[in-house]
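Below is one structure, written out as structure tokens, with a few remarks after it.
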Amino acid sequence: MKPNRLNRMAVLVISTMSLAGMSIPANAQQQPQEEQKQPHKQPQQQEPSQKQSEQEQKRRQQQEQKRTRQQAQEEQRQQEKQSQEKERLQRQSEEDQKRQQQQQQERARQQAQEEQRKQRKESQEKERLQRQSEEDQKRQQQQQQERARQQAQEEQRKQQKESQEKERRERQSEQRDERREREAEQQDRRISRQQQQQLIHQQQGEVKQYRRYLEQQESRARDQAEELRRQNRLAQYRYQEEYLEHLRQQQRRLRDERFDYDRDPYFYAAPIYRYRRDGRYYEINRYGANVLRQALHAGYAQGFRAGEADRRDRWRAAYRDSYAYRDASYGYRGYYISRSEYNYYFREGFRRGYEDGYDSRYRYGRYADGNYFMSDNILSQILNFESIR
């Protein structure tokens, strides 16, 4: 900027000197004319006037130079002022821009900090909610486990109570049956001693065969259970396990029992009923008749549970495939009647109980005191006992 101002001042000075140079020849031309017009003046008078003119011209030149110099200085001051103002404005603009950048950076930094705080807060809230959810889930699981434990305990207590009540009723029933048997024993007609010995000998053979049969059932039962597991029939599998456990109990009782044949009334009481099966008539005393009734009731109860299990497993109705139907010795003690006779009537009850259990109805039986029983009229129709006394 400064070189430009100096150039301008030089131009002004040169212009002023050119104007001054041009005025000198003009005066020089005028002076000869004046000298020609005034030839009569004396040379002494012309010299002061010329000096005065030169001084005047010099003064004017100095004034002109001064004005030019002042104007150049003024122009220089204005230019410097403008330059300073421009520099000030530029500095102010740069400072404003820098300040804006700093403010933007500060806002960006604050926004980033705020975003970071927000994310940290959200993360903490998420962790809190997750911990709370895990604690709630854990608490719910504990509550469910506690409820399940209490329910299992309650169910166990209920089963124990039912089992105790059932045993009590069975003992009462056995006591009543024993009283009735003793009363009937006094009234029963006795068979001969030879017939009694033949009956005892036949019964001992039946017991030995039944013991061997029970010993062979364990392996067969395991094969059947494995087949049920492969078919994913869980309800039928649980039912069969309960059935097998009862057979094991029967086996232990039969092994440990010391039976007194001579004192048992079955072996000396004469037959009082006859019944027809497979086109033949059979005679039986009251003790054997009770065993046949028990076989029908036991068959109906086990058939109902087996049919109910197949219905829960969504399995087709097929009572003949059940292990309980093929075994047909649930509740059989080994005495009074043959195993084949017991099997026949057990299966008669099982088939009807299975149909009721599978269809969830009571067409052939009833439910009472925690167990299933065949209806009396159906039982009478199947046995159709005829008195022979």
How many angstroms lie between [atom1] in [X] and [atom2] in [Y], if you round to the nearest 0.5 Å?
{"X": "Ser83", "Y": "Glu87", "atom1": "OG", "atom2": "CD", "answer": "4.0 Å"}
{"X": "Asp136", "Y": "Gln140", "atom1": "CG", "atom2": "CD", "answer": "6.5 Å"}
{"X": "Asn343", "Y": "Arg339", "atom1": "CG", "atom2": "CZ", "answer": "5.5 Å"}
{"X": "Arg352", "Y": "Met374", "atom1": "CZ", "atom2": "CE", "answer": "5.5 Å"}
{"X": "Lys66", "Y": "Gln73", "atom1": "NZ", "atom2": "CD", "answer": "10.5 Å"}
{"X": "Asn384", "Y": "Arg276", "atom1": "CG", "atom2": "CZ", "answer": "10.0 Å"}

Using 4.0 Å as the upper bound for N to carboxylate O, is an ion pair formed by [Y] and [X]?
{"X": "Glu341", "Y": "Arg277", "answer": "yes"}
{"X": "Arg77", "Y": "Glu80", "answer": "no"}
{"X": "Lys98", "Y": "Glu95", "answer": "no"}
{"X": "Glu114", "Y": "Arg117", "answer": "yes"}
{"X": "Lys118", "Y": "Glu115", "answer": "no"}
{"X": "Arg131", "Y": "Glu134", "answer": "no"}
{"X": "Arg312", "Y": "Glu308", "answer": "yes"}
{"X": "Glu54", "Y": "Lys51", "answer": "no"}

Describe, in one word, how the ring planes of Phe304 and Tyr362 are oriented to each other, choosing from parallel (under 30°), tilted (30 to 60°) and perpendicular (over 60°).
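Answer is parallel, since the angle falls under 30°.
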Evaluate the ring planes of Tyr275 and Phe385, with Trp represented by its six-membered ring, and classify them as parallel (under 30°), tilted (30 to 60°) or perpendicular (over 60°).
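Perpendicular: the ring planes of Tyr275 and Phe385 meet at over 60°.
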Closer than 3.5 angstrom, by distance alone: can the side chain of [X] be matched with the main-chain N or O of [Y] as a donor-acceptor pair?
{"X": "Thr68", "Y": "Glu64", "value": "yes"}
{"X": "Tyr300", "Y": "Gly365", "value": "yes"}
{"X": "Tyr239", "Y": "Gly307", "value": "no"}
{"X": "Ser380", "Y": "Asp376", "value": "yes"}
{"X": "Gln250", "Y": "Ser329", "value": "yes"}

Face-on cation placement of Arg274 at Tyr281 ring, 6.0 Å and 45° thresholds:
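That pair qualifies as a cation-pi contact.
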Within 45° cone of Tyr325 ring axis and under 6.0 Å: Arg347 NZ or CZ
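Positive - Arg347 is close enough to the ring of Tyr325 and near enough to its axis.
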Strictly by modelled atom types, are Asp356 and Tyr372 linked by a side-chain donor-acceptor pair under 3.5 Å?
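The criterion, which ignores hydrogens and geometry beyond distance, is not satisfied for Tyr372 and Asp356.
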Same cluster or not: Tyr237 versus Tyr358, using hydrophobic residues (I, L, V, M, F, W, Y) connected whenever any side-chain heavy atoms lie under 4.5 Å apart?
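Different clusters: Tyr237 never reaches Tyr358 through Ile, Leu, Val, Met, Phe, Trp or Tyr contacts under 4.5 Å.
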Listed partners of Asp321 passing salt bridge (Lys or Arg N to Asp or Glu O under 4.0 Å), at least two apart:
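Per chain and number, Asp321 pairs via salt bridge (Lys or Arg N to Asp or Glu O under 4.0 Å) with Arg316.
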